[in-house]
Amino acid sequence: MTLRIFNTQSGAKEEFQPIEPGKVRLYVCGITAYDYCHIGHARANVVFDVLFRYLKALGYEVTYVRNYTDIDDKIINRANELKVGSRELAERFMAAFAEDMARLGCETPSVEPKATENISHIIAIIRTLIGKGMAYEAGGDVYFSIRDFPGYLKLSKRNLDEMLSGARIAPGEQKRDPMDFALWKAAKPGEPSWESPWGPGRPGWHIECSAMSMRYLGPSIDIHGGGKDLVFPHHENEIAQSEGATGQPFARYWVHNGFVNINQEKMSKSLGNFFTVREVLEKYDPEVLRFFILSAHYRSPIDFSDKNLEDARHGLSRIYEALLGLGEVLDSGAAKPAPEAGFSAEDEEIWQPAERLRENFAAAMDDDFNTAQALGQIFEAVRAVNRVLAERRFEANGAWLRRLAAVRDRFRGCGEVLGLFQAEPASWLERIKDAGLGESGLSKEAIEALIVERQEARKAKNFARADAIRDELAAKGVILLDSPQGTTWKTK
RNA sequence: GGCCCCGUCGCCAAGUGGUAAGGCAGAGGUCUGCAAAACCUCCAUCACCCGUUCAAAUCGGGUCGGGGCCUCCA
């Protein structure tokens with residue numbers, strides 16, 4: 001089995017071959033720290049977090065670099081609006097981002113460099129480009145001359161002449177060609193700036209990623225990732241700058257995730273359908289959001305809606321319920337010791353999805369990180385487990401207990417790659433239950449009291465009253481579950 | 001206008017040459033005082049048309065519909 005990755009550059013899935021055997025150099029474009037991150041950021045970072053985790057699970061030693069853009073026009077503008085320093089503003093939103101990502105279960109990348117801490121590396125690349133005649137200084141700005149880089153537009157596969165018809169030179173810019181882009185921007189009075197051979201200024205947006213990628217990963221890396229929207233111009237320009245400077249291929253595989261839509265519409269600030277991660281997490285469990293993101297292939301668009309998130313919550317709960325059931329049998333000692341026996345043909349058939357979970361999961365992930373299919377495999381194993389538990393097969397054949405224990409390990413292993421269902425099932429389900437209660441206006445105590453009352457009514461065979469209580473709670477979204485051990489409840 | 005993507009069951013979503021995974025919802029059954037959960041069973045021929053092929057949701061052409069990028073954007 002080999003990992004295949006869809007490469008934007010070739011437009012096809014390719015077998016993954018790292019530059020250096022056993023090691024992977026991964027660079028993902030991070031955020032510009034001028035606002036709270038939104039669910040589009042959540043998706044991108046969850047997707048690459050899973051890519052990172054899966055590569056590690058395959059045994060690669062992965063160096064994952066994700067940058068922070070902490071100096072940029074948007075930061076300066078926002079800082080001016082809020083009357084705070086641009087550095088202070090960037091610090092605030094970088095911290096918020098780290099917090100949001102942690103809540104979403106994303107691992108911390110190996111290195112998280114900041115643009116402002118790499119100014120000297122940025123300047124060095126610009127000097128090299130000027131020396132090679134691929135960049136020029138004009139009035140304190142430095143521009144990259146795209147006409148002098150033959151491979152320009154090879155990633156986005158656009159036509160230069162057609163793009164030129166729409167390109168304009170903004171007032172104040174002194175570009176030779178409208179498609180040229182800034183490597184260095186001269187500082188206007190009052191703007192944050194760094195000294196450079198071209199006078200005080202700040203780096204252009206694209207150059208920092210080239211600089212940080214090269215600094216931490218070398219001139220050529222294995223995987224460069226980001227959102228689809230970065231293909232042009234950002235990644236195109238990174239290629240031009242980097243390969244222009246080093247003469248070596250910049251990145252081997254270009255990986256881009258699809259967008260998040262809101263109720264079928266493109267998410268955008270102008271439409272007002274913009275959700276920050278923190279807003280969403282007020283309403284939904286972070287793991288539910290993560291599960292939702294991973295329920296689609298990373299290159300497909302996903303549609304964020306209440307209905308879809310609720311479906312995701314139900315689906316994830318199903319997995320946790322199965323893990324809970326597994327724990328009850330395996331951990332509580334409730335299972336009576338039963339003599340071990342062989343497995344029948346029917347047993348084998350039922351159990352196959354659970355037995356082969358690891359292979360099936362790996363096959364899905366190997367196919368361009370197909371997490372949707374991987375989750376499908378997990379659900380099939382869940383059904384197998386539930387069946388064995390429901391039919392109490394382990395009570396007739398003690399050998400089932402070993403199988404159940406083994407599959408629990410497999411669930412954990414797959415879950416680790418996805419960053420899902422690592423929580424203790426009972427407490428996770430409890431948390432979801434409590435959160436669901438928020439909307440009903442009921443307290444746990446009130447529910448418990450009604451359960452007691454209903455229990456008494458049932459004992460007295462007053463089923464009319466018992467059912468009335470259940471219906472009353474059901475109307476508020478609370479479902480009662482009777483079992484030999486007593487009555488529990490959950491939210492719809 | 002240029003480039004690119006998509007259209008699979010009520011909803012979400014895999015599958016990209018060999019006769020359609022999975023989740024949610026729904027129907028019937030087992031269980032239950034009744035329910036719920038769980039389990040069992042059932043529930044699509046893949047927008048449309050024309051081709052290629054022994055064989056297509058899967059390839060080619062066309063039609064219709066939706067979306068993205070081309071300016072900052074995950």
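All figures in this text were calculated on a predicted structure; none of them were measured in a lab. Residue numbers begin at 1 in each chain, while the letters A, B, ... track the order of the sequences.
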J.: Please report, rounded to the nearest Å, how far the C1' atom of B:C70 is from the OH atom of A:Tyr152.
T.: 11 Å
J.: Checking A:Asp70 now: which residues fulfil side chain to side chain donor-acceptor pair (under 3.5 Å) with it, not counting sequence neighbours?
T.: A:Thr116
J.: With a 4.0 Å cut-off on heavy atoms, is A:His38 in touch with a base, just the backbone sugar-phosphate, or nothing at all?
T.: base
J.: Distances under 3.5 Å between protein N/O atoms and the N/O atoms of nucleotides 23-29 of chain B, please, pair by pair.
T.:
| unit_1 | atom_1 | unit_2 | atom_2 | d |
| --- | --- | --- | --- | --- |
| B:C24 | O2' | A:Asp311 | OD1 | 2.7 |

J.: Thinking salt bridges, do A:Asp367 and A:Lys13 make one under a 4.0 Å N-O criterion?
T.: yes
J.: Taking only residues two or more places apart in sequence or in another chain, which ones pass ring-ring contact (aromatic ring centres under 6.0 Å, His included) with A:Phe343?
T.: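 A:Phe343: ring-ring contact (aromatic ring centres under 6.0 Å, His included) contacts with A:Trp400.
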J.: Between B:C3 and B:U8, how far apart are the two P atoms, rounded to whole Å?
T.: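 Straight-line distance between the two P atoms is 26 Å.
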J.: Using the P atoms only, state how far B:A44 lies from B:G23, rounded to an integer number of Å.
T.: 15 Å
J.: Could I get a table of every N or O pair under 3.5 Å where one atom is in the protein and the other is in nucleotides 56-59 of chain B?
T.:
none

J.: Taking ring pair (Phe, Tyr, Trp, His ring centres under 6.0 Å) as the cut-off, I'd like each qualifying pair that reaches into residues 354-386 of chain A, sequence neighbours left out, listed once.
T.: none
J.: Does A:Trp428 have any side chain to side chain donor-acceptor pair (under 3.5 Å) partners at least two apart in sequence or in another chain, and if so, which?
T.: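 If we apply the side chain to side chain donor-acceptor pair (under 3.5 Å) test to A:Trp428, skipping adjacent residues, the hits are A:Asp285, A:Glu287.
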J.: Base, sugar-phosphate, or nothing for A:Arg454, non-hydrogen atoms under 4.0 angstrom?
T.: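 Contact class for A:Arg454: base.
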